[in-house]
Structures are given as structure tokens and as C-alpha cells.
Number of protein chains: 2
Amino acid sequence: MTDEEFLAEYDPRSYDPIAVTVDVVALTIRDGVLHVLLIRRANPPFAGSWALPGGFVRAVEGEEGLREAAARELAEETGLTAGALGRVHLEQLGTYGAPGRDPRMRVISVAYLAFGPDLPDPRAGSDAAEAVWAPVDALGLTSTASQAPGTTRRLAFDHAGILADGLERARAKLEYTPLATAFLGEVFTIPELRAVYESVWGEPLHAGNFHRKVLSVPGFVEGTGDTTATGGRRGGPRARLYRAGDARLLHPALLRPGSEDDLRQETP
Amino acid sequence: MTDEEFLAEYDPRSYDPIAVTVDVVALTIRDGVLHVLLIRRANPPFAGSWALPGGFVRAVEGEEGLREAAARELAEETGLTAGALGRVHLEQLGTYGAPGRDPRMRVISVAYLAFGPDLPDPRAGSDAAEAVWAPVDALGLTSTASQAPGTTRRLAFDHAGILADGLERARAKLEYTPLATAFLGEVFTIPELRAVYESVWGEPLHAGNFHRKVLSVPGFVEGTGDTTATGGRRGGPRARLYRAGDARLLHPALLRPGSEDDLRQETP
DNA sequence: GGAATAGTGTCTGTAAGACATTATTAG
DNA sequence: CTAATAATGTCTTACAGACACTATTCC
């Protein structure tokens, strides 16, 4: 039997169907606080609940790849054009396919992680009643940080777990890649870059040491000759301006402080 | 409309079907050489070609999760029982869904990466004409290493790319996790551990510095009181025996030497 | 002037890498 | 004995983190 004969006989509908979706964990920083893009679901299941933006992957639909589908979902909810999307970092996060995670049928969800500079207020896409940038700290899943009970927005499906995985990936990626610059505009100052690290890692960094370290990593940033027009909001000299360099990995890396714990012990 | 009403109306077959497969990049070390598990396909498409072991995910099939499906595929091709599988490390590698990657239909493939100690010779599973442990160097995709042309076994589908991603992931994981121990038995010597690193990274390491460094990382290995029964094959004292410690991350990490290059430059 | 901030200098402990050295075993 | 190897010691350089300090700007 040749491949051609086989294909002629092959019936794709001979098995129970499985649906594939693409979900996006889109992160940005607004006013120094890390935000994630959430939509309020318009339709069942979980109608009215908050969820990550996403949608089904159609088999045909212009023969669209998974990454393209994720970019499209992101664009639909943010109103970003292809040009503005060029400055957004988008990478695959993982695939979630536990049985029962969607009550309708077996659904395999490919999650993507996006970092972008401060983006415009979202507009609700087709399947959403509402779309907002939500501060991640208010979702009650950043480590052990306690918060007022009752304010937690529970996310639909297993999206809380996906978001937690995305946050951990983002925190780790800042250590050994220059992706922190993806949260900023084309030019930025070292203190602005430090603010990104502090927002994502959730802890303050030593300004002087951070400054010296960033400049010591080859290819992380390259100086434009300019400085900011004014000093800091509450005083201080004008800061020099930089743009992202050509490094794809930071060497040496900027390791998170304090994480000496929780890298021991097996899961019980 | 409540969730229940919606579910009653919902027709999963109203869209073009998409198939989901699970493929496994299973790595082991035999005689100091890194090997990958390959099968020779018995059926079209790509009948007769070598490919990664894998199979379709059925919607029902005992409500099996993706990871469980990968473990089952691995067990089928290696003859491993659940007990022996317990010592195998298995993690999700990535998901591949480019249109046209399978000529039959739209197929989304979730790839898993497995590390195991020297495993028995495989037996062909249901869909395979043959199954072997193949040295990865003979597949002509380890970086720029040249080899005699014509000896390359071309892999089916996009499996060469998946394998390349798996190898890079494996090399990176050895840097900051203790997973090298997954390639060894329960007890091992430091020189055996060094041989794992040399096999996966493909370059020799300095014996003395490696030894001191491994012992300096908290939780990487813990000594049993014992030593090997005899010295090295060509002389030398008996080596002390260790087993894996309780660390989940290596701190500080064991960085690959020489990779000062290729971390610059954008993709052109 | 006072306070806040950008950027640099200094010091200390730790770690990586190159190399040397000792001790133990196979042949 | 000789060669090979396990394990430890020494030295140099580099870097992380703590801290001090200067210069510049806002209010």
C-alpha cells in the first residue's frame, strides 16, 4: 500500500474527536505593577467567569500554525496590529490536556506566554463579554503572599495553574535572557529596566549593583548617546538611554536573590 | 442558558477534526554514547522510515492524560513495567502543530522528553516494524559536527526538529538540575556522573574540577559509605559511591564550558 | 537648601578554571 | 614497576552583594 492509497482510504472522523485550543498568558507592566490579560467569558461553560484569552484551533482556517493562532488571539483582544505585535515576545509555554479539564469534551490546550510593553486597554473580542488587564497579585496565586479573602477572582478551567506556570516561566526567563526589555519601549533607562525586574520578581533590587551588572553583561543593552529630558519624578540627575542589545542569552545571568530555599526537597 | 443546557446542545463533531499525538524523545546512555529510541514505521505515511515512538491520543481510552499517554508509549516500546518506569524522568518538551506536518490531516503532536538509565533492548510495539537505540551522533543533527554523508537516517515528519529540541533541552537541563543522575543507576560514582555530562554535552570535562564542584553543590549527591569493589578498568583507586540527593535545582549551576559563542546575534 | 535619584568606587566572600599533587589500583 | 585514575590542594581571575560616595535634579 503506498502512501497515496492509504490517504485515500483514511477517514479522519473514525475516532472520537479531540478539540485543540490556544490560550495566551499575556503579561505587561502598568504603573510598575505586573498585569495579565483576562477576559470575562460570554458563553458557557464558565460563562461570567474570568479566563485567559484563547480560542479553538480550526483544522483549516487558512492553515494557521499554533503560534500564529496565539498571535491572532492576542491581537483580537488587545487591538494590536501586526506591526505593534512585532515588539511583543511570544513563546510556547506548555500544553494542558488533563481529562475533564473542559466539561464539553476532551480539549487539549496549547498555552503561549507573551510579554509586551504597556499596551492599550483591551477591547472584548468575539467570545468575551469584557477584557481587562488584571494585576496578577490580586489573583492570589503568587507564592504564599496572603491577601484579603473573597477578592480572589477564580479563573475558569485550569487557567489558574496555567497562569502560575506562566509567571514562573517569566520570572525564570528574566534571569538568563534579555526579555525584560520586551516589557519596555524601544529606548529605556537602566532604572526602568530595574523596575521591570522588581515588578516581575516582586522584590526590590539594589540599584547600584543592578546598574553595574546590566552594563557588564555583553550585548544586554547598548547605549544611545542620549539621556532623558528631565530628571526623576522626585529629583535626581537625568538617566542615560539604552536600547536592547543583540544578546539572546545573558552571560553571566542575573540570578534572583533569596531563592536559596525551595530548591530542595522532593514533592511529598 | 445554563452550562447544562449548553452541553446538551453542544456537538463536538461540528468542526473539522484535529488529531492529537504524543511523541517521545527517549534518551539513554550506552557504552558512554548518547542514544535515542527510534522505531521504524510499519504503516504509511512514511512507512519504512525511522521516527520517534508515539501514538494517537484517543478521546476516551480510560481518560488518560498526556503524560500518562507518553509513559504508555515509552513502556510499549521498551518493555518497561510501571516499576522500572519509576526511575525514568519524563517531562513535556513542546507541542508541534505546523499545518502539513502530517499528510493525513491536521495533527498536533505533544512531545515528551525522557531520560533513563541504560535500558534493555527495545522490542517493536504495535505500530512499529523495528525499534532500536540509535546513537544520536549518527543522525547528523548535533550542531555542526560533520559526518560521512549518506549515513544519515532521515526521520519521518518533523521528528528531526523535535529531536534537536529535545537534545538542546537535555543539555540545558544538566546545567541547572540534577537530572544527570536519571541516566545512572541508584548508586553511582562521580566519574560515572562525569561521563554522563561528557556524553550529553559532547565534550570532555576536567576530572578534578568536576569532582570538587559536584560535591560542593548542596543536595546534588549524597555519599553512601561504600566504594566500588574494584578500581577503574585501567587502574586507579576504588571510587566512592553516591546516590542522588534531594536537590531539585543545582545552586550554583554547572555551566557548559565554551558556549561563549552562539549566544549573540539575532536570527537573520 | 533638602531630598531623592543616577551612576561609580571599594571591599569581601564565593566560585570557576587551570594546574599540580598524592594515593590507590590494574596489568 | 608503570600507567591510569580517584581525590584533594593551590593559585588566579571573575563576579555577587554590601556599602559608601559623588553628582545632578526636583521641589
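All values below were derived from every heavy atom in this structure, side-chain atoms included, with hydrogens, water molecules and symmetry-related copies excluded. Throughout, protein chains are lettered first and strands after them, A, B, ... in sequence-line order, and every chain is numbered starting at 1.
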For a quick check of understanding: with a heavy-atom distance under 4.0 Å over all strands, which category does [X] fall into, base, sugar-phosphate or nothing?
X	result
A:T230	sugar-phosphate
A:G236	base
B:A253	sugar-phosphate
A:G235	base
B:R238	sugar-phosphate
B:R212	base

Audit row: A:N209, A:H211, side chain to side chain contact (heavy atoms under 4.5 Å, CB included) steps and yes/no: CA-CA 5 Å; A:N209 289 339; A:H211 193 107; over 6 Å; no
Candidates [options] - which lies nearest the side chain of [X]:
X	options	result
A:P191	C:dG7, C:dA16, D:dT8	C:dG7
B:P252	C:dA16, D:dA18, D:dA16	C:dA16
A:A239	D:dT8, C:dG7, D:dG9	C:dG7
A:P237	C:dT5, D:dA16, D:dG17	C:dT5

For a quick test of reading the model: is some side-chain N or O of [X] closer than 4.0 Å to OP1 or OP2 of [N]?
X	N	value
A:R240	C:dT8	yes
B:R234	D:dT5	yes
A:H211	C:dG7	yes
A:R194	C:dA6	yes

Result of checking B:F183, B:Y112, B:F115 against B:H89 for ring pair (Phe, Tyr, Trp, His ring centres under 6.0 Å):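 Only one option passes, and that is B:F115.
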Distance check needed: [N] [atom2] versus [X] [atom1], whole Å only.
X	N	atom1	atom2	result
B:E192	D:dA7	CD	P	11 Å
A:L215	D:dC15	CG	P	14 Å
A:H251	C:dA16	NE2	P	12 Å
A:L193	C:dG7	CG	P	12 Å

B:S109 and B:D23 side chains, donor-acceptor separation under 3.5 Å: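 B:D23 vs B:S109: donor-acceptor pair found between side chains.
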Donor-acceptor side-chain pairing of A:D165 and A:Y96 below 3.5 angstrom: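 Yes, A:Y96 and A:D165 have a side-chain donor paired with an acceptor closer than 3.5 Å.
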Under-4.0 Å salt bridge between A:E91 and A:K173: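 Answer for the salt bridge query: yes.
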Pairwise 5' ranking along DNA chain C for B:K213 and B:G231, keeping only the more 5' one: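 Checking each residue's closest nucleotide, the 5'-ward one belongs to B:K213.
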Residue mapping more 5' on DNA chain C - nearest nucleotide basis, B:N209 or A:N209: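 With A:N209 and B:N209 compared, the 5'-side residue is A:N209.
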